[in-house]
Each structure stands twice: as structure tokens, then as C-alpha cells.
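Proteins come first, then strands; the chains are lettered A, B, ... in the order of their sequence lines, and each starts at number 1. Bear in mind that the values here come from a model prediction, so they are computed numbers and not experimental data.
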Amino acid sequence: MTNQVLSCKNVGINFGGLQAVQDFNLTIDDGELIGLIGPNGAGKTTVFNLITGVYTPTEGEILLSGINIIGKMPHQIVRYGIARTFQNIRLFDHLSVLDNLKVAANKDMRYSIFSGMFRLGGYWREESEVTDKAIEILDIFDMGKHAYKYANSLSYGEQRKLEIARAMATDPKLLLLDEPAAGMNPTETDELMDTIMLIRNEFGITTLLIEHDMRLVLGICERLMVLNYGQILAEGNPRDIVNDPLVIEAYLGKGE
Amino acid sequence: MPRDKKLIYLINTGLVLILFALLTVFEASGVFTRYSMSIVRLVCINVILATSLNVTVGNLGQITLGHAGFMSIGAYTAALFAKTEVITGQGGYYIGMILAGICAGIFGIAIGIPVLRLKGDYLAIVTLAFGEIIRVLIEYFDFTGGAQGINGIPRMQNFSVMFFVAVICVTLMYSVMTSRHGRAILAIREDEIAAQSSGINITYYKTFAFTLSAFFAGVAGAMYAHNIGTIGASFFNYNKSFDILVMVVLGGMGSFTGAVISATVLTVVPETLRQFNEYRMIVYSLLLIMVMLFRPEGLLGRKEFHITKVVDKLRNKFGKQSIEGGN
């Protein structure tokens with residue numbers, strides 16, 4: 001109980017009569033890497049939106065390290081330590097790669113508007129601190145050489161990586177990755193798997209990821225959770241899950 | 001402060017001083033007539049207006065059409081303050097200017113909080129409406145002089161004062177926009193959802209950008225009131241708002257240097273075209289159409305003209321190390 005990072009209890013949301021997610025229970029222990037899979041429209045992204053405060057659940061509770069985060073605004077939840085990426089890349093296209101990370105560090109910066117306006121001591125101190133920290137993160141992701149390029153000038157794979165790096169720059173306890181391998185070729189997926197393993201090894205961050213690419217899911221996830229029609233269908237060891245007749249049925253339908 | 005930054009600050013300050021010296025010499029030697037100098041003063045005011053609108057339109061990425069409303073609040077605040085004659089002369093001018101900014105800023109917060117929930121066309125129309133409401137209210141009340149406006153505002157047509165006020169205003173806005181607060185505002189322009197999930201409080205920063213923009217519009221309004229000496233509410237109608245917006249769009253949304261350049265050009269060109277009389281507006285509109293056809297992103301797009309880049313190129317030419325980073 002002590003090192004539980006996230007715990008969702010009977011979480012559900014109802015969009016005007018449509019029960020998108022129902023009785024969703026999930027506990028993630030510190031350092032775990034969990035995969036959330038399911039057919040299209042199963043409610044996986046809705047779960048992410050519930051955890052990050054984009055939607056407010058109509059029932060249940062979500063605890064982050066024992067603190068109830070329901071009803072908090074998305075930007076407040078980031079302060080509590082949940083960072084996420086998006087299914088379709090959302091970068092700050094016309095900002096430099098470095099600035100993308102510095103935006104994420106904004107919540108930990110303290111200098112005032114006045115200090116920024118008149119370039120007082122606090123500005124120089126914090127800016128150089130944050131720049132160093134951002135470059136450090138970029139170097140870990142092997143993107144230091146791109147620091148001063150526009151984010152939209154990067155290749156697809158690198159943009160994905162930058163999105164993860166930006167999430168890491170918010171200094172999270174829990175990282176949510178929404179289909180990180182979407183649209184990637186096998187080589188890029190391999191690189192992505194390395195990146196995700198890197199996050200685990202270098203930062204020791206707890207990760208929850210949505211993914212359709214079974215190679216990635218089976219390759220790195222320690223535990224899988226299958227969602228169908230907003231309900232948990234199965235949960236457990238990845239190898240057992242893919243052989244579960246219920247899961248196969250949800251994906252492929254029932255054989256005659 | 002890093003050494004390279006210091007050098008850039010020095011160069012920029014130097015360039016501003018050179019420009020100032022040039023203008024002063026032109027004025028003293030009579031190259032610039034009294035009439036020319038009145039246009040230069042107008043340029044100073046329009047530069048502040050364009051750069052302040054650039055904060056909301058270019059950096060925050062929200063089109064607003066009520067900028068003249070904030071300008072009028074500033075103008076009336078400064079005029080009424082000057083009329084009370086509590087503090088006269090230069091000191092009164094500066095205090096009036098700051099009061100004008102604060103008043104416009106307060107209106108900025110009051111209007112911004114409800115209005116900024118909207119986006120795009122809706123926001124544009126609502127701000128247009130608020131601009132008109134401000135104008136109509138000014139005409140309605142007695143203490144603002146009603147439809148007759150306010151006459152006999154102490155004149156303040158000192159070119160050097162106006163030049164440096166404009167320089168300071170632009171510098172302050174630019175330095176906010178390159179600080180962490182400005183980065184947050186740019187992030188909101190790029191992607192609101194991503195900004196929010198990076199821990200940016202969207203409502204706060206949107207209101208802040210809107211207020212900052214209103215503050216400096218107020219300052220420009222105060223300068224305008226003291227420059228002309230007579231103000232009437234009808235001057236601050238939506239046409240004025242559009243004029244300012246055109247400057248920002250033409251210069252490139254999000255570029256301060258672009259806004260400064262286009263504010264200058266769009267103030268000077270209509271005046272120089274006066275000799276063509278009735279064809280003046282045709283030429284002016286053709287110019288706008290041409291720019292939008294050939295450079296739809298505006299003169300400078302989102303880019304800034306950085307002296308750093310010039311220094312960089314010069315250094316590279318002489319085979320020395322280049323300065324890293326922007327700004």
C-alpha cells in the first residue's frame with residue numbers, strides 16, 4: 001500500500017447516457033510499466049483523460065500517492081506529478097526544441113513577471129538553471145544536437161521522442177503514453193522501446209501506456225490490462241493475456 | 001549575465017541611440033519639417049499600439065478587434081488626470097501615462113476573463129462589441145465630455161520623450177515575451193491542450209497577455225491624447241482597431257520587429273501618398289493586397305529580426321565562433 005503511485009477505484013464516466021468507462025479499477029505500484037490495450041473505441045484514451053483531469057469522472061475516485069485528484073484542473077494535476085503524451089503528436093511547433101522543454105519546466109520556476117520584464121537576478125539564475133536541466137534531459141534522449149531547431153523540423157520519430165522528453169521535463173511520478181508507436185516503422189518502434197526502457201532505467205518513472213503494437217507491448221510491459229466497451233476484460237501477465245480466449249474474442253470475434 | 005547577451009544588449013542600445021541621433025539631426029537641420037516630425041511622433045504611438053496588439057494576436061494567437069477601446073480608456077484617463085492639474089508638467093505626463101496603462105489594464109482583466117473563454121471568430125466579434133461598448137459609454141457619460149470629447153489637454157509633443165517611451169514599451173513587452181511567462185503564452189498559441197498538460201495555467205496566462213496588451217494600448221492612448229490635445233470618442237471606433245490589426249498582420253503575427261516596421265510603414269505611406277488625393281486609399285489598399293498575396297504570413301512571419309544573426313554572419317565571415325541561441 002505504501003508505494004502505490006496511482007489507484008483508480010470504480011471510476012466511471014457517462015457522456016449523456018453513453019457509459020464510456022465503467023467500474024475501472026487500477027492500481028499501479030512504484031516503478032511498474034503497465035500496458036493498456038483494447039479494440040478501437042474501448043475507452044483507453046478516455047481513461048487517460050480521466051486520470052489527467054481533462055474529464056471529471058461521474059463516479060469513483062482517483063488517488064495519486066494517496067491524494068484525491070478528482071476535480072483538479074489538468075495543469076494542477078501536472079503539478080501533482082502526472083505527465084502525458086498524446087495519440088496525435090502535440091508539440092509547440094514554432095518553438096525551439098529547448099523551449100518545448102522549458103515550457104514544461106515553467107511550473108517549477110518562480111521568478112515574477114516583473115523580474116522577467118526588467119531582467120532581474122532571478123530571471124538569469126532560473127533561466128540558466130532550467131536551460132541546463134533541459135539540455136541534460138535532451139542529452140539523455142540523445143537530442144542535444146537539435147536543441148535550437150524548431151520542433152516541427154524534426155522527423156516523426158524524433159517528434160515522438162521530444163514529446164516524451166517534454167513530459168519528462170515536468171518531473172513526473174507517473175508517465176502516461178498514448179499510443180507512442182502509432183505511425184512508426186519497425187526500426188522507429190525499436191528505438192522507441194529503447195527510449196521507454198531508458199526512462200525506466202534512468203529516471204525510474206512509473207509508466208502506463210496505451211498501445212496497439214503488440215510487439216512493443218509484449219516486449220516491454222510487465223503487466224497488461226485489456227479494456228473493452230469501457231470495462232476491464234482481463235488483467236495480468238502479457239503472455240497469458242494474449243492467449244486469453246476472452247481477449248481474442250474481443251479483438252477478432254467469435255469463431256463458429 | 002552571459003557575455004554574448006551583454007554584447008547584444010550593447011549593440012541594440014547603440015542602434016537605438018544612432019536612430020535617435022539621426023532623427024534629432026534631421027529635425028535640427030530642417031530635413032524633417034514640422035509636419036514630418038508630427039508623423040514621426042505618430043509613428044512612435046502606432047509602434048506601441050501595434051506591438052501591444054501583437055502580444056494578443058501574434059503571441060497568444062487570439063484575434064481581438066477591440067484594441068482601440070483600450071487605447072481610448074488610456075487616452076481619457078490621461079486627459080482627465082491632466083485636467084485635474086494635480087501634478088503638472090513632465091511628471092504629470094508620466095504619471096498620467098502609467099495611470100492610463102493601469103486603467104486600461106483593469107478593463108483588460110475585467111473584459112478578458114469572460115471573453116477569453118471564446119476563440120477565433122467568436123472572440124473577434126465579442127471584442128469588437130466590447131470596443132464599441134466602451135466608445136458608446138464614453139459618449140454617454142458627462143465626465144468624459146460626452147460626444148464633444150475633451151479639449152485643451154496640455155500638449156506634450158517632445159519627440160525625444162515619445163521616442164524613448166516607445167522604445168521602453170517595446171523592450172518591456174519583448175522581454176516579457178522572452179521570459180518564462182512569454183514562453184507559456186507562446187505555448188498556448190501553439191497548442192492549448194499540450195500547454196495545459198505541461199502544467200500551464202491557460203486562463204491565467206491568457207488573461208495576463210490580454211491585460212499586458214491593454215496596459216500598453218492605454219499608454220499609447222495617453223501619448224495620443226497629449227500629442228493631439230483634443231480627443232473625441234468617435235476617433236476610437238472599430239476602424240482604428242482594424243488599422244492596428246492590419247499593422248500586426250502585415251508585419252507578421254508574432255513578430256515584434258515586424259510590427260514595428262509595418263507600424264512605421266503604414267503610418268508614413270498614407271501621409272506620403274497625400275499628393276495623390278483621392279487615389280490615396282486605392283494605392284494603400286493595393287499595397288496591402290500585394291503584401292498579402294506575396295507574403296501571406298506577413299513581412300517577417302513569426303521570425304524576429306535579430307541583431308544576433310547579423311553579428312553571427314559577420315563573425316562567420318571572419319571565421320570566428322558563432323553566438324549560440326536566439327534572442
- Query: In terms of heavy-atom pairs under 4.5 Å with chain B, which of A:Glu163, A:Glu127, A:Gln76, A:Arg79 leads?
  - Reply: A:Glu127
- Task: Report the C-alpha separation of A:Leu91 and B:Asp191 in whole Å, then their side-chain angles, then the decisive distance to 0.1 Å, and conclude whether the side-chain contact (heavy atoms from CB on, under 4.5 Å) test is met.
- Result: CA-CA 7 Å; A:Leu91 287 174; B:Asp191 195 319; over 6 Å; no
- Determine the sole option in B:Glu190, B:Arg189, B:Lys303 for which the side-chain hydrogen bond (donor to acceptor under 3.5 Å, both in side chains) test with A:His94 is passed. B:Glu190
- Query: Going through the distances and angles, do B:Leu186 and A:Phe92 end up as a side-chain contact (heavy atoms from CB on, under 4.5 Å)?
  - Reply: CA-CA 8 Å; B:Leu186 292 177; A:Phe92 307 129; over 6 Å; no
- Item | Main-chain N/O of B:Arg180 paired with A:Tyr111 side-chain donor or acceptor, under 3.5 Å | yes
- Query: Please walk me through it: do B:Val176 and A:Phe114 pass side-chain contact (heavy atoms from CB on, under 4.5 Å)?
  - Reply: CA-CA 8 Å; B:Val176 173; A:Phe114 197 74; over 6 Å; no
- Task: Determine whether more than 12 heavy atoms belonging to other residues, nucleotides or ligands lie under 6.0 Å from atom OH of B:Tyr122.
- Result: no
- Item | Contact origin within A:Ser112 toward chain B - heavy atom pairs under 4.5 Å | backbone
- Item | Option that, when pairs with chain B are counted at under 4.5 Å, heavy atom only, ranks first among A:Ala104, A:Ala147, A:Pro74 | A:Pro74
- Message: Using a 4.5 angstrom heavy-atom cutoff, name the option from A:Val130, A:Ile113, A:Asp93 with the most pairs to chain B.
- Response: A:Ile113
- Item | Between OG on residue B:Ser179 and CG on residue A:Asn106, distance to nearest 0.5 Å | 9.0 Å
- One option among A:Met73, A:Arg110, A:Arg125, A:Glu126 has the most heavy-atom pairs under 4.5 Å with chain B, and it is A:Arg110
- chain A shares the most heavy-atom pairs under 4.5 Å, among B:Ile200, B:Ile202, B:Thr171, with B:Ile200
- Task: Determine whether the side chains of B:Thr178 and A:Arg119 contain a donor N or O and an acceptor N or O closer than 3.5 Å.
- Result: yes
- Between B:Leu212 and A:Met117, what is the shortest heavy-atom contact and its length? CD1-CE, 3.7 Å
- Quick check: does any side chain N or O of A:Thr170 sit under 3.5 Å from a backbone N or O of B:Ser198, one acting as donor and the other as acceptor? no
- Query: Given that the side chain runs from C-beta out, which part of B:Ile188 has a heavy atom under 4.5 Å from chain A: side chain, backbone, both or neither?
  - Reply: neither
- Query: Can you tell me how far the CZ atom of A:Phe86 sits from the OG atom of B:Ser197, to the nearest 0.5 Å?
  - Reply: 3.0 Å
- Message: Show, in sequence, the C-alpha distance, side-chain angles and deciding distance for B:His181 and A:Met109, and conclude whether the side-chain contact (heavy atoms from CB on, under 4.5 Å) test is met.
- Response: CA-CA 10 Å; B:His181 307 284; A:Met109 297 172 86; over 6 Å; no
- Task: Could you tell me whether B:Arg295 atom CZ has more than 12 heavy atoms of other residues or ligands within 6.0 Å of it?
- Result: yes
- Item | Under 3.5 Å donor-acceptor, A:Arg90 side chain and B:Ile193 backbone | no
- Check: A:His75 side chain, B:Gln196 main-chain N or O, donor-acceptor pair, under 3.5 Å: no
- Item | Euclidean distance, A:Lys107 NZ relative to B:Asn201 CG, rounded to 0.5 Å | 14.0 Å
- So which of A:Val78, A:Val54, A:Asn100, A:Ile77 has the largest heavy-atom pair count under 4.5 angstrom toward chain B? A:Val78
- Message: Tell me whether B:Phe107 at atom CZ has more than 12 heavy atoms from other residues, nucleotides or ligands lying less than 6.0 Å away.
- Response: no
- Query: Take atom CE in B:Met253; do more than 12 heavy atoms of anything else shown fall under 6.0 Å from it?
  - Reply: no
- Query: Who wins among B:Ala184, B:Gly254, B:Ala195, B:Gly182 for the most heavy-atom pairs under 4.5 Å with chain A?
  - Reply: B:Ala195
